[in-house]
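The structure appears right after this line, and notes come after that.
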Amino acid sequence: MSKTGFSSANILLPSAGNYESWAVVACDQFTSQLDYWERVEKNVGDNTSTLRIILPEALLSEGKTEEKVAKINETMREYLASGVFTEHEDSMIYLERVQSDGKVRKGLIGKIDLEEYDYSVGSTSLVRATEGTVLDRIPPRVAIRRDAAVELPHVMLLIDDPEDTVIGPLKNADEVVYDFDLMEGGGHAKAWLLNDELKNGASAALEALADKQPLLFAVGDGNHSLASAKALYEEEKAKFGPGSEETLPSRYALVEIVNLYDTALEFEPIHRVIFGVDPVAVLDGLKAKYPGTTEGKGEGHVIRYAYEGAEGYITVPNPQAQLEVGTLQAYLDEFIKESGAEIDYVHGDEITIELGQKPGNIAFLLPAMDKGDLFKSVINDGALPRKTFSMGHAEDKRYYIEARKIK
């Protein structure tokens, strides 16, 4: 192991078949758009697919979660036993993802040592959460992972590498392992296996970054998935006793590294939609929490809203929080707790307004965060408010392609 905690992994890829139906978007996307997942189901049909070994969060409301998880685990074992996967030992993969906007995002896939990750408040570990971790979201995810034979990553770790020393040189890789269009407007994915020279070069460049930075990896996407992997590892370490950490597969998690300064990487805001409420009462509550709040754009934190028959802005003067999301979320947390209303975190202005303008709903739209502030904010102030930013639109999120045995 290098001192960075990142290393090559035994990576599983499909042995054959239709990659277009194999790869589906991260399970925590399109959570309020069941029609999206219905289209994915039709696209997949009877083909082998990662859809059969994940649980889209949009389907959680249907119930029977335990039955679904048991079926997922059974399918994982069937895929392993029947030769659906080919294992590429001691591998790193260089990925070029053409996004829906045509820009190319570059990444490096390998495994991260969970001993180097700490999502707790005040963490000084090499790998840190960028947003507050909601502890009650971890046990359900651990339950899904506990009996899983393989993991499929949608975790993306960011590195602060303005000179592009880690990922830039990987464009010289020449062994293509997949090259295909992603379903549902997800763009295109092409990937290469790295030879020993490129793997060693990437590892050395990461070590050089670690020598001059207190924070090497910031979790850009999949924070709760990585936190769940960490929680399960700690559970298994306690179960199997001292020394077990040397051999437990669960000690590691498969991740993709992306450079913060990748020109294709854009920080998108994550909006809020509240369901089943009186929207005027929600706005009145916000104004009551922050005396002096006014309608329209002014000096302070400006937050856009939309509900049935209305759109506008409110301004919170002299905010205590650094970001608009902090001001808004502090109120919404209280409101949701007291009212029992439902909230969803939505990517994209258009769909947010569409959902917010349905009867009994209200949407709040937030501005984007400057990505150049990310690392210094996490180092100086700790984790940001949860769901502060998203890296790109929902369709540009990581698609499940690679896998790794965790048993």
Side-chain angles (χ1 to χ4, degrees), residues 24-33 36 56-58 95-107 129-132 134 154-160 182 184-189 218-226 255-274 301-306 311 313 321-329 332 343-356 363-378 383-399:
V24 302
V25 79
C27 65
D28 59 348
Q29 300 303 305
F30 301 100
T31 53
S32 296
Q33 294 159 265
Y36 175 91
E57 292 187 7
L95 169 67
E96 290 186 354
R97 167 74 179 277
V98 181
Q99 300 177 154
S100 57
D101 60 4
K103 295 180 180 178
V104 180
R105 187 179 72 225
K106 304 172 183 67
T130 54
E131 65 176 19
V134 184
H154 69 261
V155 175
M156 193 178 291
L157 301 183
L158 300 177
I159 54 174
D160 188 355
L182 297 159
E184 287 295 319
H188 190 89
V219 184
D221 239 349
N223 180 63
H224 286 88
S225 292
L226 195 62
V255 298
E256 178 182 355
I257 295 175
V258 175
N259 187 1
L260 178 67
Y261 296 96
D262 190 310
T263 56
L265 189 66
E266 297 180 2
F267 279 15
E268 300 282 348
I270 302 178
H271 307 309
R272 275 71 171 149
V273 179
I274 317 300
H301 281 173
V302 178
I303 301 169
R304 184 182 176 189
Y305 65 82
E311 285 190 54
Y313 296 86
Q322 293 293 315
L323 302 170
E324 288 84 352
V325 63
T327 295
L328 178 62
Q329 195 64 45
L332 292 181
I343 185 171
D344 196 11
Y345 301 90
V346 183
H347 306 267
D349 293 5
E350 186 175 333
I351 185 60
T352 302
I353 293 172
E354 179 184 327
L355 290 170
F364 291 99
L365 292 90
L366 292 158
M369 174 188 175
D370 183 348
K371 68 180 183 180
D373 292 335
L374 178 63
F375 270 68
K376 61 184 179 182
S377 295
V378 173
L384 303 169
R386 70 180 184 277
K387 299 292 185 181
T388 295
F389 67 91
S390 171
M391 296 186 297
H393 299 297
E395 58 267 30
D396 295 323
K397 293 296 182 176
R398 203 169 199 291
Y399 275 56

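These numbers were taken from a predicted model, which means no experiment stands behind them. As a basis for the values below, the full set of heavy atoms in this structure was taken, side chains included, without hydrogen atoms, waters or symmetry mates. Numbering starts at 1 and runs along the sequence shown.
Looking at residues two or more places apart in sequence or on another chain, you find no ring pair (Phe, Tyr, Trp, His ring centres under 6.0 Å) involving F364. Residues forming a side chain to side chain contact (heavy atoms under 4.5 Å, CB included) with E354 (at least two apart in sequence, or on another chain): I351. With sequence neighbours left out, the side-chain hydrogen bond (donor to acceptor under 3.5 Å, both in side chains) criterion links E324 to no other residue. The side-chain hydrogen bond (donor to acceptor under 3.5 Å, both in side chains) check on T352 picks up nothing, with sequence neighbours excluded. Applying the salt bridge (charged side-chain N to carboxylate O under 4.0 Å, His left out) test to D221 and every residue at least two apart in sequence or in another chain returns K397. For H347, there are no ring pair (Phe, Tyr, Trp, His ring centres under 6.0 Å) partners, not counting sequence neighbours. Checked against salt bridge (charged side-chain N to carboxylate O under 4.0 Å, His left out), E184 has the following partners two or more places apart in sequence or in another chain: R39. Qualifying side-chain hydrogen bond (donor to acceptor under 3.5 Å, both in side chains) partners for T130, counting only residues two or more places apart in sequence or in other chains: none. Checked against side chain to side chain contact (heavy atoms under 4.5 Å, CB included), L182 has the following partners two or more places apart in sequence or in another chain: A23, R97, F180, A189, Y399. Partners of D349 by side-chain hydrogen bond (donor to acceptor under 3.5 Å, both in side chains), not counting sequence neighbours, listed by chain and number: H271.
For the atom pair CE of M156 and CZ of R398, the computed distance is 6.5 Å after rounding to the nearest 0.5 Å. Note that CD of E311 is 5.0 Å distant from CZ of R304, once rounded to the nearest 0.5 Å. Distance check: I270 CD1 to F389 CZ gives 8.0 Å after rounding to the nearest 0.5 Å. Rounding to the nearest 0.5 angstrom, the gap separating the OG1 atom in T31 from the CG atom in D344 is 3.5 Å. Distance check: R272 CZ to L328 CG gives 6.5 Å after rounding to the nearest 0.5 Å. Considering CD of E131 and CG of N223, their distance stands at 5.0 Å, rounded to 0.5 Å.
Side-chain contact check for L366 versus T388: every heavy-atom pair is 4.5 Å or farther apart. The side-chain heavy atoms of M369 and V325, taken from C-beta on, include no pair separated by under 4.5 Å.
Taking all atoms of both residues into account, the shortest heavy-atom contact from S225 to H154 is OG-CE1, 3.1 Å. For the residue pair G356 and A363, the shortest heavy atom distance occurs at CA-CB, 3.6 Å. Of all the heavy atoms in A129 and V378, the pair that sits closest is O-CG1, 3.9 Å. Among all heavy-atom pairs drawn from G326 and A321, the shortest one is C-CB, 3.8 Å.
Put simply, the side chain of D396 gets close to the backbone of S100: a donor and an acceptor are under 3.5 Å apart.
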Any chance you could lay out the side-chain contact (heavy atoms from CB on, under 4.5 Å) test for S32 and V273, step after step, and finish with the verdict?
-> CA-CA 10 Å; S32 296; V273 179; over 6 Å; no
Please test Q99 against H393 for side-chain contact (heavy atoms from CB on, under 4.5 Å), starting from the C-alpha separation and ending with a verdict.
-> CA-CA 9 Å; Q99 300 177 154; H393 299 297; over 6 Å; no
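For residues 366-375, the set of pairs meeting the salt bridge (charged side-chain N to carboxylate O under 4.0 Å, His left out) definition, not counting sequence neighbours, comprises D373-K376.
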Sequence neighbours left out, cut at 3.5 Å: what donor-acceptor pairs do the side chains of residues 260-268 make with other protein atoms?
unit_1	atom_1	unit_2	atom_2	d
Y261	OH	D160	OD1	3.2
D262	OD1	A264	N	2.8
D262	OD2	K106	N	2.9
E266	OE2	K103	NZ	2.4

